[in-house]
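Beneath this line is the structure, given in structure tokens, with notes to follow.
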2 protein chains.
Amino acid sequence: MPDVTLKKLAELLNLSISTVSRALKDHADVAIETRQRVKQLAAMVDYEPNTYAINLRTNLSREFGVIIPGIANDFYQSFISSLEEEARHNAYSLIILQSGDDPVIELENLRRCKQNRLAGIFVSITSKTNDINPFLRLADQHIPVIFFDIVPSYEACNKVCVDDAAAAVLAAETLIVQKKKNILAIFGKSQLSITQKRLQAFNDTFSKYGSDAQVRCIHAGSTAESYESVMDHLGSAHQFDVVFCMSDEILIGVMKAVQTLGLQLPKDIGVLAISEGIIPTYYFPRITYIETSGFKLAKMAFSRMLACIAGSSYVQELKSEPVLVAGGSL
Amino acid sequence: MPDVTLKKLAELLNLSISTVSRALKDHADVAIETRQRVKQLAAMVDYEPNTYAINLRTNLSREFGVIIPGIANDFYQSFISSLEEEARHNAYSLIILQSGDDPVIELENLRRCKQNRLAGIFVSITSKTNDINPFLRLADQHIPVIFFDIVPSYEACNKVCVDDAAAAVLAAETLIVQKKKNILAIFGKSQLSITQKRLQAFNDTFSKYGSDAQVRCIHAGSTAESYESVMDHLGSAHQFDVVFCMSDEILIGVMKAVQTLGLQLPKDIGVLAISEGIIPTYYFPRITYIETSGFKLAKMAFSRMLACIAGSSYVQELKSEPVLVAGGSL
DNA sequence: AACATATTCGCAAACGTTTGCGAAAACCTT
DNA sequence: AAGGTTTTCGCAAACGTTTGCGAATATGTT
């Protein structure tokens, strides 16, 4: 039984296509009993409206594009998971496009979003994206673009991201309250804006409170580098009482080192991280962390998207407030 | 500058719509120089064909649906990541639908796939799905369905999954070769077919080789349960020399317990897991595991899908061969 | 120069749906 | 019973594209 269309239904019912169409959407123009006849048959033969015809006719789409560097990341995972739920509840679907942190593929993905005339796009740009004009141009085509997580710096556009500064401040305050005096703080690649923001706010906070803590800041570009650094610094007779990790990636390296050295948390060393929230539960005791959850961000991004579709034309930068989740590592 | 269509191009060039359409796809019926004129203008004004019109006209789609219980899972993450790459290279897109392990939502998602007349769908069913007829009926609509990972048991359908038995056999053989004598083996929920297959093959292998190893099999339905079990069994003066984990979920619980008890790998206890491959790298030493990678599975699933679209009508059950990845935990 | 063939292009229908508008039929109102 | 409303429905155009077919023009052959 191939595709059943409005035309077929109309023939079967001795009605016109328009009447069938209207009946199915409870249009007041068609008699109640006719509506029921139509709906009954439609259900019987498993009629499903052809989305392509609808989208063509209405020039509207119920699909959002999501362009991200890569899906294999706890943050994007929770973001997408949450976004998909929101979308589904609003009868939208999600199309996932990975750019592999390659601006060329990213552009190609953007082209496809445009070609598919999607209802809107969520995008987390690659670390190498420097021209965001192609994105902004979509706004002219009435395709709203919401940047999230990794967002362009200066331009006027819709952004939804973690409040990096607030997270770092909260981390620093936590350490100060806990009276940690010798802190090993590990940050990511120094050229990344996220690193710069967190590092700056972290250090500023210690100054602001006039803390006398010794803070040793180092950079690690990967889990492996993070591991090596910690092995070096915590090797023997170290003087640190806590390690701060800027990200999950770094936390993993730190915890590997902790295991290698056979250190006990929090007796031998404390650990505090900024994290998406999954990784900290993998260890004992559970790591204390500042949460930068993709879930919340997705909700914010989605409602911003709906606002844009509804006509809101002004741009806005939203930040998700980080919270401290206490584990047993401090 | 709103949408530019073939008609607009035609007017601008003083050509007919058909000629413009043909020119853009290098049809031999249109003069070489005309083609170039057309293409040039099209590039200039950023023309993008309207996908909806094309799909409607050709009754073809370049989108695949992916229905999974939930995206927040390392296995699905690597599967989707890999599948998206394959899709992109073949000019397809991926629509992600989560069923939240709820058969009702799963059915709803299926309906949407049908409504969108997708080119095909990949589905990993929920643990509670018992009627797969709705899926099979899509085949009548010429929408190929490829089941992956969690697949229905008996019916004739296209399945691509991990070779559970082979993975368990390989695990058992590894333990036998390493001359482990006291084995604590932790499996998932006993009613899951994946658990049954792995448990059976695991035990059978010890029998087959006439091993004299003591194997204690227990079940754990979650990471937390896994943690508790290990705490009980490895608490004090235990006699085990190795713990086998059927899955990542279980491995995480085991490793938490190992950390809680302050055990050193592999000196105090050995650990072997069946895993997707990410989690084992989070620990020191890296956990030795049998790999059941989502990447490989995705490639297999995708090529099977292409075959189906190309007309292959027979169904097939494909299994991905597991491999042993040596870490330092044995 | 006459004809055949090749090249280049346009007409028009079709895909399945939505929707403004008008027509027919039914129902009131007086 | 005549006019006015309301209810119920169908006609036809439109969305942007593809494609079979035929027409017009150009090219080749004798």
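Sequence lines set the chain letters: A, B, ... in the order given, protein chains first and strands last, and positions in each chain run from 1. Only a predicted model underlies this, so the values are computations on that prediction, with no experimental measurement involved.
- Applying the ring-ring contact (aromatic ring centres under 6.0 Å, His included) rule to A:Tyr47 yields no partners; only residues at least two apart in sequence or on another chain are considered.
- For the segment residues 11-25 of chain A, residues with any heavy atom less than 4.0 angstrom from an atom of DNA chain C are, sorted by number, A:Ile17, A:Ser18, A:Ser21, A:Arg22, A:Lys25.
- No option in A:Arg112, A:Arg111, A:Arg117 other than A:Arg111 meets the side chain to side chain donor-acceptor pair (under 3.5 Å) test with A:Gln115.
- Computed from coordinates, the B:Ile54 CD1 to C:dT17 P distance equals 19 Å when rounded to whole Å.
- Between A:Lys7 atom NZ and C:dG16 atom P there is a gap of 7 Å when expressed in whole angstrom units.
- Taking atom CZ on B:Arg117 and atom P on C:dC15, their separation rounds to 14 Å, with Å as the unit.
- Applying the salt bridge (Lys or Arg N to Asp or Glu O under 4.0 Å) rule to B:Glu84 yields the partners B:Arg88; only residues at least two apart in sequence or on another chain are considered.
- Within the nucleic acid shown, B:Leu56 comes within 4.0 Å of at least one base atom, counting heavy atoms only.
- One interatomic measurement links the two molecules: CG of A:Asn50 to P of C:dA14, which rounds to 17 Å at whole-angstrom precision.
- The distance from atom CG of B:Leu60 to atom P of D:dG16 is 21 Å, rounded to the nearest whole Å.
- When the nucleotides D:dT17, C:dC15, C:dT17 are ranked by their closest atom to the side chain of B:Leu6, D:dT17 comes out on top.
- Taking CG of A:Leu297 as the start and NZ of A:Lys319 as the end, the distance is 10.5 Å to the nearest 0.5 Å.
- For the pair A:Arg62 CZ and C:dT17 P, the computed distance is 18 Å after rounding to whole Å.
- Every residue two or more places apart in sequence or in another chain that forms a side chain to side chain contact (heavy atoms under 4.5 Å, CB included) with A:Asp131 is listed here: A:Asn133, A:Pro134.
- Every pair passing salt bridge (charged side-chain N to carboxylate O under 4.0 Å, His left out) that includes a residue from residues 293-314 of chain A is listed here, sequence neighbours excluded: A:Glu86-A:Lys299.
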All N/O pairs under 3.5 Å across the protein-nucleotides 23-27 of chain D interface:
none

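- Per the geometry, CG belonging to A:Asn55 stands 11 Å off C1' belonging to D:dC15, to the nearest Å.
- Remark: A:Phe75 pairs with no residue by the ring-ring contact (aromatic ring centres under 6.0 Å, His included) rule, at least two apart or across chains.
- A heavy atom closer than 4.0 Å to some atom of DNA chain C occurs in no member of residues 26-35 of chain A.
- Applying the salt bridge (Lys or Arg N to Asp or Glu O under 4.0 Å) test to B:Lys39 and every residue at least two apart in sequence or in another chain returns B:Asp26.
- When the side-chain nitrogen and oxygen atoms of A:Tyr47 are compared with OP1 and OP2 of C:dT17, one or more of them lie within a distance under 4.0 Å.
- Applying the side chain to side chain contact (heavy atoms under 4.5 Å, CB included) test to B:Ala301 and every residue at least two apart in sequence or in another chain returns B:Phe79, B:Phe122, B:Ile146, B:Val160.
- Counting to the nearest Å, the P atom of C:dC15 and the CG atom of A:Asp3 are 12 Å from each other.
- A:Asp101 meets the side chain to side chain contact (heavy atoms under 4.5 Å, CB included) test with A:Pro69, A:Thr126, A:Ser127, A:Lys128; sequence neighbours excluded.
- Qualifying side chain to side chain contact (heavy atoms under 4.5 Å, CB included) partners for B:Lys114, counting only residues two or more places apart in sequence or in other chains: A:Asp46, A:Glu48, B:Leu138, B:Gln141.
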